[in-house]
Every structure is written in C-alpha cells, then in structure tokens.
Amino acid sequence: MGKGLHGKVQGEGGDVVLLHGLFGQSSNLQSIARALETKFRVHSLDLPDHGKSPWSDAGPSINSYADAVDAWMTAQGIQSAYVLGHSLGGKVAMALALKRPARIKRLIVADIAPVTYAPSHQAVFKGLQAVAEAGCATRKAAGLILERYIDEPNVRQFLLLSLGKEEGATALVWRLNHAALAQAYPLLLAGLSSDTPFEHPALFIRGALSGYVDDKYLPATQRLFPNFRLETLEGVGHWLHAEAPDLFNEQVLEFFAD
C-alpha cells in the first residue's frame, strides 16, 4: 500500500483506534469518538478500499486490512492501543488481536463474531455497480437507482455517504472500491483462526435484534478470545452504536476505563 490509511484524530490521552464496517467510513463511529475524546486520543480510520484511504494493492481481505492497521500504527508511533471495531471492522480488529496481540490493550467487537457468514450483500453490490455505470450528478439521482435494489431507506442513506465528486468532474463516484470488494466478498465473510488465542480482555457487544452474534457462535469466540465478556443491548439491531448510542457508549467507556 503506497500511503497510509486516512483517519481523523480527536481528544487527548491513551490511544483508541476505531474501525468501521463494510461500505462505511470513519465518520460512522463519530458518536462514540465524541464520547471517548474527553479521556482518550481517538483515531477514527477509513479502512482500505473505503472512504479516503487508498485502495489495497493486495486486494480486500480481513488479514490484509489488519496488516494495514498494523502498518498505520507503526507509522504513527503507536505501540499499543484500545481498539474497537464494528461489523467488518470488528473482524479486522479481531484479526489484528490474533496476529499482533501486543498491539491491543483491550478489544471491543461490536455485533460480529469470528465465524464464516453466509452472503447477504448481493443486492448492495448490484446497486453500487448500477450507480457507478449511471454517472449520477446528484445523490438524489443515485438514491433513486439504489431504490431498485435496496428496500431499506437507512441503508441507502448510509451508502450514499460514500459518494463524492472528483475536482473538475460532473459525475459522482464511489469512494468505495466496490468492484474489488464484490470480487473479494467471500474473503470478507470468512471466519478467523489462530493457534494462539488472544488473552487480553475483550468485550463483545451485540444487538438483541441482530442475528450476527448468535449463541451458536460463542464457543468459537471463546476459543479465540478466552478472556471475553458478552453484553447484549435489548431492542437494538446490527447498528447498535447508532440505534442506542447512550447504552453503547456507556459500555465502551466503562470497559476502556478499567
């Protein structure tokens, strides 16, 4: 990767690294960043192939993304940090913890488990491709195209945040490397494995209305993260940091402050 990851820094104190989910960007976790900035120096990163970060030379994968975060920490002179990841970002955080445990003081994984998931984003990829081919001049036009593929308005709005305009251009373009993400999608769904478990404290937070962290995934989590604790937020789905920010932020602050 030619240059480092793009990120936003706010606050002073011990280092916290925040990693967003698939199709997202650093601003998705701004609520928790603001909650943490009074006690920590918070780094909200764009993962490779997302936001303003470079597109990955090796292609998208959990391990290549973990390596990119590791290299970014080295470049920043950060020996170790508190790390929080949501969804895909949670898998990347787990992979980093298993590969480079000394990097992570405490780990928080939001609504994802270290297991292989069934494909569920095919319609999103089709919508992203359709918008790219249309050369839309406005987000409204792009949103109308996405409606053909994606029923949920909140998902469409979330995706439209990643549309931008290059200087001098008339058409909006995706800041997502959507073609490479579609091709590498099975790698992003893959489970994690390691001969050596991550022994440091880990907090897994799941939404009670989300199916991403089913009880059947807990034995696999226990094997890789034996010092983990599970918290379930009632009445909340996969976007727990956005649906119940006060509850979520309280859990995070308490765990990182221990």
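Hydrogens, waters and symmetry mates play no part in the numbers below; they use all other heavy atoms, side chains included.
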(request) Determine, using the 4.5 Å side-chain heavy-atom cutoff (strictly less than), whether Phe255 and Leu18 are members of one ILVMFWY cluster. (result) yes
(request) Establish, from distance only, whether the side-chain atoms of Ser87 and His238 form a donor-acceptor pair under 3.5 Å. (result) yes
(message) Can you confirm whether more than 12 heavy atoms, excluding those of Lys105, are under 6.0 Å from its NZ atom?
(response) yes
(request) Please lay out, stage by stage, how His86 and His20 fare under the test ring-ring contact (aromatic ring centres under 6.0 Å, His included). (result) CA-CA 5 Å; His86 171 250; His20 63 80; 9.5 Å; no
Below 3.5 Å, can you tabulate the donor-acceptor pairs from side chains in residues 141-156 to any protein atom, sequence neighbours excluded?
residue: Arg156; atom: NH1; partner: Ile150; partner atom: O; Å: 2.7
residue: Arg156; atom: NH1; partner: Asp151; partner atom: O; Å: 2.9

(request) Please answer: with hydrophobic residues joined when any side-chain heavy atoms are less than 4.5 Å apart, are Leu128 and Leu163 in the same cluster? (result) yes
(request) Nearest 0.5 Å please: distance from the CG atom of Leu187 over to the OH atom of Tyr65. (result) 10.0 Å
(request) Verify, without hydrogens or angle tests, whether His50 (side chain) and Phe23 (backbone) share a donor-acceptor contact under 3.5 angstrom. (result) yes
(request) Determine whether the aromatic ring centres of Phe40 and Tyr82 lie less than 6.0 Å apart. (result) yes
(request) Under the side chain to side chain donor-acceptor pair (under 3.5 Å) rule, collect the residues that match up with Glu12, sequence neighbours excluded. (result) none
(request) Could you tell me whether Asp111 and Arg206 make a salt bridge, using a distance below 4.0 angstrom between a side-chain N and a carboxylate O? (result) no
(message) Under 3.5 Å, is there a donor on one side chain and an acceptor on the other for Ser194 and Arg223?
(response) no
(message) Return the CG to CG distance between Leu47 and Asn177, rounded to the nearest 0.5 Å.
(response) 13.0 Å
(request) Could you tell me the separation between the CG atom of Asp67 and the OG atom of Ser56, rounded to the nearest 0.5 Å? (result) 11.0 Å
(message) Once rounded to the nearest 0.5 Å, what's the spacing between atom CG of Asp15 and atom CD1 of Ile78?
(response) 4.0 Å
(request) Examine distances only and state if a side-chain atom of Ser210 and a backbone atom of Gly237 form a donor-acceptor pair shorter than 3.5 Å. (result) no
(request) Find out if a path of hydrophobic residues (ILVMFWY) with successive side-chain heavy-atom gaps under 4.5 Å connects Leu192 to Leu230. (result) yes
(request) Could you tell me whether Gln79 atom CD has more than 12 heavy atoms of other residues or ligands within 6.0 Å of it? (result) no
(message) Please determine whether a side-chain nitrogen of the Lys or Arg among Asp70 and Lys99 lies less than 4.0 Å from a carboxylate oxygen of the Asp or Glu.
(response) no
(message) In this structure, would Val109 and Met73 fall into the same cluster of hydrophobic residues linked by side-chain contacts under 4.5 Å?
(response) yes
(request) Considering non-hydrogen atoms only, spot the tightest contact between Pro114 and Thr221 and give its length. (result) CD-OG1, 3.3 Å
(message) To the closest 0.5 Å, what do you measure between CG (Leu19) and CD1 (Ile108)?
(response) 12.0 Å
(message) Quick check: Tyr217 with Tyr117 (ring centres under 6.0 Å apart)?
(response) yes
(request) Examine Arg106 relative to Phe256 and say whether NZ or CZ is less than 6.0 Å from the centre of the six-membered ring and inside a 45° cone about the ring axis. (result) no
(message) If hydrophobic clusters are built from ILVMFWY residues whose side chains come within less than 4.5 Å, do Phe248 and Trp239 share one?
(response) no
(request) Looking only at non-hydrogen atoms, find the nearest pair between Leu240 and Gly207 and report the distance. (result) CD1-N, 4.0 Å
(request) To the nearest 0.5 Å, tell me how far Ser53 OG sits from Gln25 CD. (result) 10.5 Å
(message) Given Gln10, which partner from the list Arg34, His43, Gln30 fulfils the side-chain hydrogen bond (donor to acceptor under 3.5 Å, both in side chains) test?
(response) Gln30
